[in-house]
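Here the structure is laid out as structure tokens; the discussion comes afterwards.
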Amino acid sequence: MRIATYNVNGINGRLAVVLRWLEQVQPDVVCLQELKAPDERFPEEALNKAGYRALWRGQKSWNGVAILARDGLPLAARAGLPTDPDDPQSRYIEAEVSGIIIGCLYAPNGNPWPGAKFDYKLAWYKRFSAHAKKLIAAGAPTILAGDYNIMPTELDVYKPERWVNDALFRVEVRDVYAKLLKQGWTDAIRARHPTARIYTFWDYFRNAYARNAGLRIDHVLLSPDLAPRLIAAGVDGAVRGWEKTSDHAPTWIQLAPVKVAKKTAARKAKPAAKAKTAKKAKR
DNA sequence: ATGCCTATTATTAATAGA
């Protein structure tokens with residue numbers, strides 16, 4: 001099962017790129033951010049023709065998030081964070097797909113620091129972190145995927161010293177991310193690639209993509225029960241080089257099917273009823 | 001310290017992004 005997150009920077013201006021990428025990669029689940037379109041301008045028909053059903057929460061001009069799934073309509077769980085459902089900024093949507101809770105987020109940028117926008121970022125993350133904690137406590141297999149607008153460590157920035165006072169790298173937001181991981185979440189890219197320089201965003205400015213002057217700000221976080229199923233994670237970096245492309249690249253993970261207990265001499269077979277349930281939960 | 005580039009919206013410029 002392949003799950004991807006992609007900040008498209010305008011779903012309508014980017015539709016050809018998104019469709020080309022979907023056709024090429026065929027992910028099972030996709031979290032999209034920065035639709036930059038109101039609900040009524042979401043290209044549902046084109047995505048349906050590409051084989052995806054969608055849930056979305058748009059907004060005029062800015063923000064907007066969506067969840068796509070190939071195996072039928074994602075089961076809506078919520079739009080907006082629970083502590084402030086009336087936040088006019090569309091930055092969170094949650095659904096259930098194939099038995100997994102998928103939270104799709106577009107965290108505030110927060111620049112410039114200091115200022116009201118940075119304060120809003122911290123306040124938003126306070127609400128998001130509280131929700132994330134409840135999801136862990138609920139115990140269901142859960143993925144939180146999206147544009148976090150945080151470089152977690154110096155390994156995630158091409159020139160860390162230039163970013164120390166930027167809202168994406170300030171110590172306050174790095175702390176927020178570290179505390180999220182302490183709740184029990186696994187950063188999938190880092191789990192698979194502990195020391196590699198991997199970026200998910202390259203500025204349109206200064207020929208950043210060609211120079212690989214990038215940032216790792218799009219993340220896929222896995223709940224404790226899903227982490228053992230992680231078999232691959234990566235970034236479709238080539239997409240960033242396409243015509244009329246987003247400044248972000250799609251970031252993805254692959255999960256192994258649920259393991260079914262094997263009847264071996266070393267390990268006793270589980271009770272029949274339990275084994276049946278495990279088999280049913282496969283994929 | 002700032003512009004660079006790109007998208008959206010509303011009228012040729014402002015705002016936001018990261």
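Below, chains carry the letters A, B, ... as their sequence lines are ordered, and counting in each starts from 1. All values derive from a computational prediction rather than experimental measurement.
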Under 4.0 Å, heavy atoms only, any strand: does A:Asn63 hit a base, just the sugar-phosphate, or nothing? nothing
Under 4.0 Å between any heavy atoms, over every strand shown, what does A:Asp218 touch: base, sugar-phosphate, or nothing? Just pick one. nothing
Measuring only the C1' atom in each nucleotide, how far is B:dT12 from B:dA7? A whole number of Å is fine. 16 Å
Any idea how A:Tyr148 and A:His219 line up, ring-wise: parallel (<30°), tilted (30 to 60°), or perpendicular (>60°)? tilted
Just checking A:Tyr106: base, sugar-phosphate only, or nothing, at a heavy-atom cut-off of under 4.0 Å? sugar-phosphate
For B:dT15 versus B:dT11, give the span between their P atoms, rounded off to a whole number of Å. 13 Å
Assess the side chains of A:Tyr120 and A:Asp87: does a donor N or O sit below 3.5 Å from an acceptor N or O? yes
Over how many whole Å does the gap from A:Arg211 atom CZ to B:dC5 atom C1' extend? 13 Å
Taking atom P in both B:dA1 and B:dA14, compute the distance separating them and give it to the nearest angstrom. 25 Å
Between B:dC4 and B:dA16, how far is it from one C1' atom to the other, in whole Å? 15 Å
Using Watson-Crick or G-U wobble geometry with both distances below 3.5 Å, tell me the partner of B:dA10, or none. none
Output yes when at least one side-chain N/O atom of A:Lys36 is less than 4.0 Å from OP1 or OP2 of B:dT9, else no. no
Look up atom CZ in A:Arg174 and atom CD in A:Glu172, then write down how far apart they are to the nearest 0.5 Å. 9.5 Å
B:dT6 and B:dT2, which share atom name P, separated by this distance in whole Å: 22 Å
A:Lys244 side-chain N/O to B:dC5 phosphate OP1/OP2 under 4.0 Å: no
Tell me what A:Asp247 touches on the nucleic acid: a base, only sugar-phosphate, or nothing, going by heavy atoms under 4.0 Å. nothing
Over 60° means perpendicular and under 30° means parallel, so tell me whether A:Trp124 and A:Phe128 are parallel, tilted or perpendicular. parallel
